[in-house]
Amino acid sequence: MLSEQRILVEVKNLRKFFPVRRGTFGLTKKFVRAVDDVSFVIYRGETLGLVGESGSGKTTTGRLLLRGYEPTAGSVIYHLPDAEAMDIMTMTKRQLWEFRKHAQMIFQDPYSSLNPRMTVRDIIAEPLIATKSARGEDVSQRVIETAKRCQLSIEHLRRYPHAFSGGQRQRIGIARALVLQPQFIVCDEPVSALDVSIQAQILNLLKDLQTEFGLTYLFIAHDLSVVEHICNRVGVMYLGNLVEMAATEELFYHPLHPYTEALMSSIPEADPKVKMQPIKLSGEIPSPIDPPSGCAFHPRCQYAQSICAESKPEWRELAPGHFVACHFAESLQLRGFVG
Amino acid sequence: MQLNPDELIRISNLKVTFPLTEGTVQALDGVSLTIKKGKVLGVVGESGCGKSITARSILRIIPPPGRIDDGEIWLRTKIGTSNGHEQMIDLAKIDPNSEMMRQIRWGEISMVFQEPMTSFSAYHTLGDQISEALLIHRNVSRREARQRTIEMLERVGIPNASTRFNQYPHEFSGGMRQRAMIAMALICNPSLLIADEPTTALDVTIQAQVLELMQDLRKDFGSSILFITHNLGVIAQIADEVSIMYLGKVVEHGSVTDIFHDPKHPYTVDLLSAIPKITGQKKDRLVAIEGTIPSPFERVAGCPFHPRCSRIIQGLCETQVPSEIDFGNGHTVRCHLYSK
């Protein structure tokens with residue numbers, strides 16, 4: 001575990017509803033409850049993982065943390081070293097520009113997140129220029145340093161993104177996030193689009209950079225073995241809610257939420273001698289437009305009782321650092337990852 | 001060519017090229033592999049290794065301008081014989097637009113594609129699309145085709161199958177659509193099911209269910225499966241035998257236990273150590289394979305893996321193509337480390 005647990009990001013009751021039109025001629029206005037009341041903290045220097053099925057709200061949460069979306073409700077408070085606590089949700093545009101030096105993002109798809117009409121040098125330099133962090137020679141100097149640190153060579157800087165493979169493009173994306181020397185980086189599925197051998201290179205690079213610069217990551221992914229490899233703590237999302245959050249080992253081997261149990265049982269282990277015994281979830285992930293009453297997971301949960309449909313379980317700390325939202329978390333005996 | 005009694009398909013020395021304006025891409029450079037009756041052959045490789053082209057060559061649906069230059073694809077089939085006897089035909093030699101090939105597609109060999117979102121027609125109901133295969137390949141009435149389609153939809157775990165029969169693909173979720181795709185692939189009871197990354201687009205819980213379903217169906221229908229993926233975890237769970245491909249060649253082949261517990265080729269060894277393993281302990285760095293996959297327009301001389309190989313033998317691997325070495329029990333590898 002981390003030696004000192006100093007909070008970097010504090011997320012309180014975060015909500016994001018997207019309006020959609022439904023019904024005849026789109027007259028009925030409804031909302032997709034993408035993130036529905038989520039609270040957690042991220043400690044300095046750690047990697048917090050966020051996992052869940054597609055549509056569970058993990059990417060939306062990641063973007064909200066940088067105010068990439070305007071939230072429906074809630075606050076995201078940053079406790080930067082040598083600065084006062086600040087809530088980015090109440091910042092003015094100008095303050096937000098200033099703030100973005102401290103928090104950056106790496107995107108999933110290295111093919112669509114780089115402007116094809118800019119050279120690699122311009123892509124990496126843009127954050128510096130946009131935030132007026134450097135000018136003239138200094139820009140070139142910092143671009144070159146950062147590119148080198150991400151294992152790109154100087155000749156690469158004159159080229160355009162199309163000349164690069166997926167892994168190298170992801171290095172460009174990482175260099176762009178890193179050039180401002182931020183404290184915090186949201187990594188949204190940074191290795192999902194990459195081949196196995198390249199994925200290992202990028203994971204190693206992210207780890208090295210973290211050690212070197214003392215970075216804090218929010219790591220969003222659906223590949224649970226990648227998450228187990230890189231994260232100190234992991235949060236599990238389901239239909240816009242956090243259902244469980246704990247230290248990685250604790251979450252994988254001693255899950256407290258039935259959904260986490262189902263996820264752990266579905267990991268295909270790369271060993272033919274360990275046959276997985278997946279817990280079958282009945283049905284499909286429901287629509288976030290009309291989420292089920294009570295606990296959002298209850299229609300698919302094998303342990304569900306009548307109370308689960310009636311009231312929403314409280315998000316509570318059951319053991320030190322182990323949070324869960326399930327009515328029966330105290331009594332259930334759940335199976336962790338078997339490997 | 002005679003196939004052994006337990007073999008369904010044998011591909012030998014298959015070469016496929018794509019003559020493009022920028023240059024010629026050698027997509028398959030002498031691929032040999034065998035699919036046994038009722039078994040699952042897993043083909044693993046990174047992007048550009050030719051795993052999908054291998055699958056498409058069997059069905060003769062290589063996208064133009066790709067063409068088979070050399071090699072054989074022998075299939076054991078009853079199609080084309082009148083008395084129900086089996087015959088061996090070389091799929092590489094017959095016309096892709098011939099009546100014979102049309103009968104083999106879906107009648108004998110069917111395919112599940114990666115993208116459950118785009119592999120159905122949006123303008124026809126799912127039931128119509130699935131039963132169409134029966135109407136074409138099996139001599140059945142419309143009523144019977146509908147009945148059998150509904151049974152198959154139920155078999156793959158789609159609830160309310162008779163209502164679902166009349167719905168359009170957009171009304172299905174990703175997981176349900178992939179189940180429907182599998183139902184369509186199995187409706188004519190094919191002897192070979194080709195599954196090209198069938199679970200890549202799915203969430204992990206749905207993936208586990210689809211894998212389980214494919215295992216069950218294989219037992220019930222006795223079909224062989226050619227399972228293509230880059231996910232080694234999935235392969236370990238589903239395959240009986242595994243072929244590892246790199247740059248258009250099979251570099252190692254063996255039983256799933258041999259490949260995962262006694263890998264020989266440096267590429268296989270590196271691939272296995274590059275995937276994160278869940279251990280519950282503090283992690284070191286992963287063993288990354290240096291370098292990147294070369295551009296498809298480059299022809300790598302000698303062993304295709306030598307520019308990235310950590311155990312390269314200087315003066316040999318760059319020039320000589322390694323020949324196949326047999327470790328017994330069907331475990332073969334193409335690497336100079338093991339040649340005498």
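Chain letters run A, B, ... following the sequence lines, proteins first and then strands; every chain starts at 1.
- For B/Gln209, the part lying near chain A is the side chain, with the backbone staying farther off; criterion is any non-hydrogen pair under 4.5 Å.
- You'll find the side chain of B/Met181 reaches within 4.5 Å of the side chain of B/Ser119, heavy atoms only.
- The contact between B/Glu290 and chain A is made entirely by backbone atoms, counting heavy-atom distances below 4.5 Å.
- Contact annotation for A/Asp208: only side-chain heavy atoms (C-beta onward) come within less than 4.5 Å of a heavy atom of chain B.
- Heavy-atom distances place both the backbone and the side chain of A/Ile267 under 4.5 Å from chain B.
- Geometrically, A/Arg300 does not engage A/Tyr259 in a cation-pi contact, judged by NZ or CZ lying under 6.0 Å from the ring centre and within 45° of the ring axis.
- Looking at A/Ser54, the atoms closer than 4.5 Å to chain B (heavy atoms on both sides) sit in the backbone and in the side chain alike.
- Contact of A/Val227 with chain B is not made at all, since no heavy-atom distance falls under 4.5 Å.
- Heavy atoms closer than 4.5 Å to chain A are found in both the backbone and the side chain of B/Gln237.
- Listed options B/His261, B/Met176, B/His230 were ranked by heavy-atom pairs under 4.5 angstrom with chain A; first place goes to B/His261.
- Of the atoms belonging to B/Leu211, it is side-chain heavy atoms, and not backbone ones, that fall under 4.5 Å from chain A.
- Interface remark: A/Glu249 contributes side-chain atoms only to the contact with chain B (heavy atom separation under 4.5 Å).
- Within the 4.5 angstrom heavy-atom criterion, only side-chain atoms of A/Leu203, from C-beta onward, approach chain B.
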